[in-house]
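What follows is a short report on a single structure.
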Amino acid sequence: MNPVIDKVAHWREEDTKCALATVVKVERSGPLGPGTSMAVSEDGQVVGSVSGGCVEPAVFEEAMSAIESGEPKLLTYGISDDEAFGVGLTCGGIIHIFVERVDW
Amino acid sequence: MADLLTRWHKALAEQSLVATATVIEGPPLGSKLLVTPDDHTGTAGNSDLDKAIVEAARGLLEGGRTNTIHLGPRGQRRMEDVSVFIQSFAPPPKMYVFGAIDFAGAVARIGKFMGYRVTVCDARPVFATKERFPTADEVVVGWPDEFLKTAEVDQRSVICVLTHDPKFDVPVLKEALNTEAGYIGAMGSRRTHDNRTARLKEEGVSEEQLARIASPIGLDIGSRTPEETAIAIAAEITALHTGHTGGRLADRSGPIHARKSEASKSTR
């Protein structure tokens, strides 16, 4: 059983709001392939991951705002370069992540 | 809990084939469909677009693949207004290995390595033991043809008949030909192959059916040991699945990963 969808189903059964973040595209090198996902509940629980830990904090924030607004969003994270405070991947890859509130 | 999520969760729990299709660019952003081989739920806003998405999802689902497709607002191909991420959730494909010999041990190991759920079956209890096949998911003592009648076989399944004894080979191969298996291979020398082919013909197996059997099994890489033979078998399974013929990439030009033939894909 897919642990992320199992958890999402469990949250929805309890009427807990949540969002799902899914890797939809990986360019160049990336740690996890398309289809890898992470879910966040309205009370801040997290299951799964979308990278080697590089972008999860940013995705967590985006998931929380998706739970609030209901607006789905396609996010792109690339190389961190010199952006000291920017979010990025150390591996040199670019990942595209779709974040959506679980309304379906 | 909403209908789509309930069905998705249930399909995953039952390990049945299911794909999700999500609009990730273009309107209607975030809409989602759940697609199974014979049903779908959810909508992307209009029936033409839904139809194109469901068709593409079933194609990907057949091979257990995940991809993003691009369509026009009413499902037109060669347009890019709408991007749809399609994810397949498929249980591991099955490999059935008949004949509990050393070659079977190596084939069972490489089968696991390739992601198959591996079953080894042999009528002889002394040979068909979990100790001899520690990597196999299941070791069955029974007549191969009897076992195959009850086994779950679909287009993604592979059947490797390694007994190379006509007494076992002929009944199990006849049974294998009654299944949808994407690959049926039978081990044996040229002599065994000729003898087996003659017997299968005597039993009423047609030329067309015989062509489904990879015999002698494996790509021609000069294998001798069980491990080398397992590599030849694994390479043949991969090559037939993708429609490639084998041979050295160094001797060729052109794309390495391209699927060469749609025909071979549909037999899978």
Side-chain angles (χ1 to χ4, degrees), chain A residues 1-28 30 32-42 47-48 50 59 62-63 65-77 94-104, chain B residues 1-35 40-45 50 53 56-57 60-61 63-70 80-92 115 257:
Chain A
M1 172 51 105
N2 179 308
V4 175
I5 300 309
D6 198 30
K7 196 71 180 174
V8 164
H10 178 72
W11 284 334
R12 294 304 296 137
E13 249 166 32
E14 299 180 325
D15 256 339
T16 301
K17 286 182 189 163
C18 58
L20 181 66
T22 308
V23 177
V24 294
K25 193 177 175 191
V26 180
E27 294 173 61
R28 299 205 285 264
L32 298 170
T36 315
S37 62
M38 158 178 153
V40 176
S41 69
E42 60 182 327
V47 57
V50 286
V59 173
E62 294 285 356
S65 73
I67 292 171
E68 190 75 24
S69 70
E71 299 287 330
K73 215 173 181 183
L74 184 60
L75 310 166
T76 299
Y77 297 101
I94 300 168
I95 53 175
H96 304 266
I97 296 170
F98 190 71
V99 180
E100 59 196 315
R101 186 168 76 187
V102 179
D103 291 328
W104 20 264
Chain B
M1 191 159 59
D3 186 44
L4 191 148
L5 180 58
T6 309
R7 289 191 194 200
W8 187 5
H9 188 244
K10 186 164 173 276
L12 293 175
E14 291 171 352
Q15 292 212 329
S16 59
L17 288 173
V18 66
T20 54
T22 309
V23 176
I24 59 168
E25 272 176 301
L29 192 69
S31 56
K32 197 184 279 292
L33 288 89
L34 189 80
V35 182
H40 74 271
T41 185
T43 177
D50 287 351
I53 292 172
L60 289 168
L61 189 55
R65 284 175 291 142
T66 288
N67 206 355
T68 299
I69 59 159
H70 306 280
E80 303 224 323
D81 307 69
V82 184
S83 300
V84 186
F85 176 69
I86 298 174
Q87 183 172 9
S88 292
F89 297 84
H257 300 292

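All figures in this text were calculated on a predicted structure; none of them were measured in a lab. Lettering follows sequence order; numbering is per chain, from 1.
- Of the possible donor and acceptor atoms, none in the side chain of A/S41 sits under 3.5 Å from a partner among the backbone N and O of A/C18.
- In this structure, the separation between OG1 on B/T41 and CG on B/L34 is 7.0 Å, given to the nearest 0.5 Å.
- Looking at A/V4, neither its backbone nor its side chain comes within 4.5 Å of chain B, counting heavy atoms on both sides.
- A/L75 does not touch chain B: none of its heavy atoms, backbone or side chain, sits under 4.5 Å away.
- With sequence neighbours left out, B/E14 forms a salt bridge (Lys or Arg N to Asp or Glu O under 4.0 Å) with B/K10.
- Only the side chain of A/V102 has a heavy atom closer than 4.5 Å to any heavy atom of chain B.
- For the side-chain contact (heavy atoms from CB on, under 4.5 Å) test with B/W8, the passing option among A/N2, A/V8, A/I5 is A/I5; the others fail.
- Among residues at least two apart or in separate chains, there is no side chain to side chain donor-acceptor pair (under 3.5 Å) pair with a member in residues 15-26 of chain A.
- Considering only residues two or more places apart in sequence or on other chains, A/R101 meets the salt bridge (Lys or Arg N to Asp or Glu O under 4.0 Å) condition with A/D103.
- Within residues 17-27 of chain B, the residues having any heavy atom closer than 4.5 Å to a heavy atom of chain A are B/T22, B/V23, B/I24, B/E25, listed by residue number.
- For the atom pair NE2 (B/H9) and CG (B/L4), the distance works out to 13.0 Å, reported to the nearest 0.5 Å.
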